[in-house]
There are 2 protein chains.
Amino acid sequence: MSKDSPHAVKQRRRSDQVTLSQVAQAAGVSPITASRALNHPDKVSNRARRSVLEAVERLGYVPNLVAGSLASSRSRLIAVIVPSLVNTVFVEVIKGLQETLEAEGYQILLGNTDYDLDREYQLVRTFLGWSCSALVIAGLRHNKACHTLLDNWDHPIMEVMELGQGMDLNVGLSHVAAGRCMATHLIDKGYRHIVYVGALLSQDYRAGMRYEGHRAVLEAHGLRAPIVELDTLGSLQAGAESLAQVLAQYPNTQAIHFANDDLAAGALLAAQRQGLSIPRDIAIAGFNGLPLGQHVTPQLTTILSPREEMGRLAATELIRRLGGKSVYRRQHDVGFTLQAGGST
Amino acid sequence: MSKDSPHAVKQRRRSDQVTLSQVAQAAGVSPITASRALNHPDKVSNRARRSVLEAVERLGYVPNLVAGSLASSRSRLIAVIVPSLVNTVFVEVIKGLQETLEAEGYQILLGNTDYDLDREYQLVRTFLGWSCSALVIAGLRHNKACHTLLDNWDHPIMEVMELGQGMDLNVGLSHVAAGRCMATHLIDKGYRHIVYVGALLSQDYRAGMRYEGHRAVLEAHGLRAPIVELDTLGSLQAGAESLAQVLAQYPNTQAIHFANDDLAAGALLAAQRQGLSIPRDIAIAGFNGLPLGQHVTPQLTTILSPREEMGRLAATELIRRLGGKSVYRRQHDVGFTLQAGGST
DNA sequence: AAAAGGAATGGTAGCGCTATCATGACAGCG
DNA sequence: CGCTGTCATGATAGCGCTACCATTCCTTTT
């Protein structure tokens with residue numbers, strides 16, 4: 001219990017990493033001045049700044065961002081949570097986010113929920129633990145725990161992909177309107193027996209919202225709105241296989257409204273292999289505006305969603321907000337464009 | 001200078017975030033025991049563990065991972081640096097990495113170099129500053145500064161995509177061998193006038209390596225190995241446009257060996273639109289084994305690279321290494337498979 | 001000329017957590 | 001009954017950085 005021995009200094013530094021103090025010493029300034037020279041260059045004299053930068057270079061100093069974040073409780077990390085990376089749609093949004101955020105010195109911390117809301121909650125928890133500067137999350141639907149957690153979080157939250165009233169900021173498009181748009185197009189083209197085909201709608205509920213729009217339009221025209229739900233992820237393969245299933249189930253189908261372009265293109269290519277004429281025998285429509293749709297013959301009728309732009313816009317809004325500027329719009333509609341091809 | 005006044009306690013906590021000490025207090029244990037209860041559950045008594053977990057739940061405690069990382073100099077972050085997100089190949093590797101790493105409680109810090117080695121260096125610097133547990137980086141070619149930085153870094157480094165002698169661990173395939181494989185296939189099929197088409201080979205140097213393999217085989221057979229380099233990124237569009245260019249430049253071309261499937265599929269679809277018969281008029285081969293290749297008619301001859309598996313394997317090896325286990329192989333060849341379709 | 005303001009710099013004390021060592025309690029052992 | 005060993009717990013001292021306030025040395029203002 002007696003502590004008469006001036007017990008040896010505890011030493012814990014394991015790595016021989018250069019620290020800011022060493023840089024400061026080499027530059028002949030105090031650590032705090034060295035810190036300022038690097039982070040607020042305009043707050044120090046030219047002389048100090050130069051000698052610090054020179055010392056950084058000479059010693060090969062790499063700032064410890066973990067320590068910096070702890071001290072300042074600002075991390076310049078942006079958490080990005082998406083349900084899937086297989087679906088290129090999310091990747092394109094990430095790309096838009098990334099190019100904008102990296103240019104501003106933010107880093108992306110990427111999480112993938114695999115369409116599991118409990119997993120999403122866990123990821124949010126982890127990311128909050130990293131004192132992220134902001135959170136970007138796909139979709140407006142989250143579980144209770146996740147909402148509770150985020151309601152008490154005082155950083156910007158950006159919900160992307162779909163338009164609606166969210167927790168904080170929102171950039172997206174109306175999937176219901178997109179579904180209505182395509183359904184209207186099909187009806188205008190004279191089709192009356194129209195089947196909607198989606199994959200795993202419980203997961204990809206936005207495809208379900210498009211169906212709702214689709215159904216509303218068809219029913220307003222006194223038409224039935226049958227739906228076929230596939231139990232595998234949307235893919236060319238699934239689309240190809242779905243064609244036979246739809247025709248068997250609804251023999252007089254004139255047009256198929258697919259939940260996305262992968263399915264639609266897969267069906268279109270399969271139809272061609274089977275000698276079906278498009279759109280004479282069967283019309284096909286998709287959603288997303290993937291490049292592939294413009295390279296098949298006939299070109300795929302689809303709805304173009306501005307995915308990279310969605311990412312860029314989300315990032316821009318976040319940066320504005322993080323810069324302390326008031327945000328003039330909490331909700332931002334990026335819209336969509338009907339791209340009528342020869343397939344309908 | 002005199003410090004006689006016992007100046008007021010400095011208060012810096014801004015956020016009202018619950019801390020581990022508060023949890024400890026609520027649970028009636030010391031902070032360090034609370035820490036152990038969460039991070040080394042087997043080191044504390046059942047009673048302590050239970051009351052800590054209960055307090056965590058009750059207070060809604062979210063661990064501050066930044067503080068934890070600083071104290072322990074372990075972050076459970078894995079830096080992943082890729083040259084592009086547009087190219088789905090890298091996304092698939094990331095997916096393989098992610099599903100394996102997240103299951104082990106690691107998070108991915110994602111960086112995108114846009115094929116710029118200086119940008120790559122900057123990203124590496126930043127990521128080292130986050131005390132990442134490991135680094136996964138695409139490719140074996142890096143700039144001088146990057147090598148210097150990483151040589152002095154004492155964490156695992158995993159270089160993926162291509163096989164070869166790297167800095168530390170390596171998982172990939174031999175692109176030279178892949179190029180040889182496809183060239184051999186084309187020659188076996190009887191083609192003699194074969195053109196290689198790549199896009200931005202200075203960036204996508206692995207496509208250049210495939211060309212080297214391709215050229216070696218052709219020259220061994222006494223054939224010339226012309227190459228056409230496009231100056232846009234590989235895409236369906238670029239492939240479609242390249243077809244005319246190749247035929248104009250080398251009118252008696254019998255087969256085109258494309259650097260990847262996007263180009264090849266774009267050319268194949270364009271050829272069909274122009275009424276060319278494949279492979280009678282022109283044979284087409286690609287690389288990657290994208291799903292699209294199996295859905296066009298005729299099916300695309302390509303080389304299947306196991307991209308997700310590459311990611312999974314890289315992650316598994318890293319985890320093994322991070323777990324302190326000795327690594328039985330510093331280099332791992334994931335191989336490739338020739339997928340002969342009707343297009344050649 | 002004195003007062004007031006500003007710019008550059010530094011000392012100090014944390015940020016919230018964990019590594020390290022110390023301690024106490026208790027079991028097993030000759 | 002002391003000795004060693006294991007287990008559970010705690011006190012202390014950092015991890016490397018930045019916020020906060022204080023100080024110094026100017027320049028500007030009245």
Side-chain angles (χ1 to χ4, degrees), chain A residues 1-3 5-25 27-49 51-52 61-76 128-131, chain B residues 1-25 27-52 61-76 128-131:
Chain A
M1 211 166 277
S2 66
K3 46 159 78 169
S5 72
H7 52 212
V9 175
K10 281 194 193 175
Q11 257 306 7
R12 254 169 74 189
R13 295 195 69 240
R14 284 147 290 264
S15 75
D16 46 4
Q17 203 196 316
V18 180
T19 70
L20 187 59
S21 294
Q22 294 171 30
V23 169
Q25 191 161 27
V29 298
S30 71
I32 186 67
T33 299
S35 169
R36 276 193 281 251
L38 295 175
N39 300 317
H40 310 281
D42 52 316
K43 301 256 184 193
V44 299
S45 64
N46 288 332
R47 202 180 52 72
R49 181 162 3 98
S51 66
V52 168
Y61 170 68
V62 176
N64 185 326
L65 301 174
V66 178
S69 296
L70 179 59
S72 68
S73 58
R74 280 182 284 95
S75 71
R76 294 192 86 80
L128 295 204
W130 280 108
S131 321
Chain B
M1 209 165 277
S2 66
K3 46 158 77 171
D4 42 12
S5 73
H7 51 212
V9 174
K10 283 193 193 176
Q11 257 306 7
R12 254 169 71 190
R13 295 195 71 242
R14 282 149 288 266
S15 75
D16 47 3
Q17 203 195 315
V18 179
T19 70
L20 187 58
S21 294
Q22 294 172 30
V23 170
Q25 192 161 26
V29 299
S30 71
I32 187 67
T33 298
S35 168
R36 276 193 280 251
L38 295 176
N39 300 316
H40 309 281
D42 52 317
K43 301 256 184 192
V44 299
S45 64
N46 288 333
R47 202 179 50 74
R49 179 157 11 93
R50 250 197 310 276
S51 66
V52 168
Y61 170 68
V62 177
N64 184 328
L65 300 175
V66 178
S69 295
L70 180 59
S72 67
S73 58
R74 279 182 285 93
S75 71
R76 294 190 87 80
L128 295 203
W130 280 108
S131 320

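In what follows, every chain begins at residue 1, and chains take the letters A, B, ... in the order their sequences are listed.
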Residue pair B:Trp130 / B:Ser69, side-chain heavy-atom distance below 4.5 Å: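 Contact flag for B:Trp130/B:Ser69 side chains = no.
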Choosing from [options], which nucleotide comes nearest the side chain of [X]?
{"X": "B:Ser72", "options": "C:dT18, C:dG16, C:dC15", "answer": "C:dT18"}
{"X": "A:Leu70", "options": "C:dT9, C:dC15, D:dT18", "answer": "C:dC15"}
{"X": "A:Ser35", "options": "D:dT18, D:dG10, C:dT9", "answer": "D:dT18"}
{"X": "A:Val29", "options": "C:dG10, D:dT18, D:dC15", "answer": "C:dG10"}
{"X": "A:Ile32", "options": "C:dT18, C:dC17, C:dG10", "answer": "C:dG10"}

Euclidean distance, atom [atom1] of residue [X] to atom [atom2] of [N] [Å, nearest integer]:
{"X": "B:Leu65", "N": "C:dC15", "atom1": "CG", "atom2": "P", "answer": "18 Å"}
{"X": "A:Leu20", "N": "C:dC15", "atom1": "CG", "atom2": "C1'", "answer": "16 Å"}
{"X": "B:Leu128", "N": "D:dG16", "atom1": "CG", "atom2": "P", "answer": "15 Å"}
{"X": "B:Trp130", "N": "D:dC15", "atom1": "CH2", "atom2": "C1'", "answer": "15 Å"}
{"X": "A:Arg76", "N": "D:dT18", "atom1": "CZ", "atom2": "P", "answer": "13 Å"}
{"X": "A:Gln17", "N": "D:dG14", "atom1": "CD", "atom2": "C1'", "answer": "16 Å"}
{"X": "B:Gln22", "N": "C:dG16", "atom1": "CD", "atom2": "P", "answer": "9 Å"}

Bend angle of the helix from C:dA1-D:dT30 to C:dG30-D:dC1, from helix axes over five pairs at each end, nearest 10°: 40°
Sugar-phosphate, base or nothing in reach of B:Arg49, heavy atoms under 4.0 Å: nothing
Sugar-phosphate only, base, or nothing, as touched by B:Val66 at under 4.0 Å among non-hydrogen atoms: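 If one applies the 4.0 Å heavy-atom cut-off, B:Val66 turns out to touch nothing in the nucleic acid.
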Partner set under side-chain contact (heavy atoms from CB on, under 4.5 Å) for A:Asp42, not counting sequence neighbours: A:His40
Residues forming a side-chain contact (heavy atoms from CB on, under 4.5 Å) with B:Arg76, sequence neighbours excluded: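 B:Tyr106.
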Qualifying residues under side chain to side chain donor-acceptor pair (under 3.5 Å), relative to B:Arg36, sequence neighbours excluded: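 Scan of B:Arg36 (side chain to side chain donor-acceptor pair (under 3.5 Å), adjacent residues dropped) gives none.
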Contacts of A:Ser21 that satisfy side chain to side chain donor-acceptor pair (under 3.5 Å) - sequence neighbours left out: none
Audit row: A:Thr19, A:Asn64, side chain to side chain contact (heavy atoms under 4.5 Å, CB included) steps and yes/no: CA-CA 8 Å; A:Thr19 70; A:Asn64 185 326; over 6 Å; no
B:Ser131 side chain to B:Ser75 backbone, donor-acceptor under 3.5 Å: no
B:Ser51 side chain vs B:Ala48 backbone, donor-acceptor pair below 3.5 Å: yes
Would one find a side-chain N or O of [X] under 4.0 angstrom from OP1 or OP2 of [N]?
{"X": "B:Arg74", "N": "C:dA19", "result": "yes"}
{"X": "A:Ser30", "N": "C:dG10", "result": "yes"}
{"X": "B:Tyr61", "N": "C:dG16", "result": "no"}

Shortest non-hydrogen contact between B:Val52 and B:Val23, atoms and distance: O-CG1, 4.0 Å
Within residues 37-46 of chain B, residues whose heavy atoms come under 4.0 Å of DNA chain D: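 Those residues are B:Val44, B:Ser45.
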Nearest-nucleotide 5' precedence on DNA chain D, A:Gly68 against B:Arg36: B:Arg36
Full working for side chain to side chain contact (heavy atoms under 4.5 Å, CB included) between B:Leu20 and B:Leu38: CA-CA 10 Å; B:Leu20 187 58; B:Leu38 295 176; 4.0 Å; yes
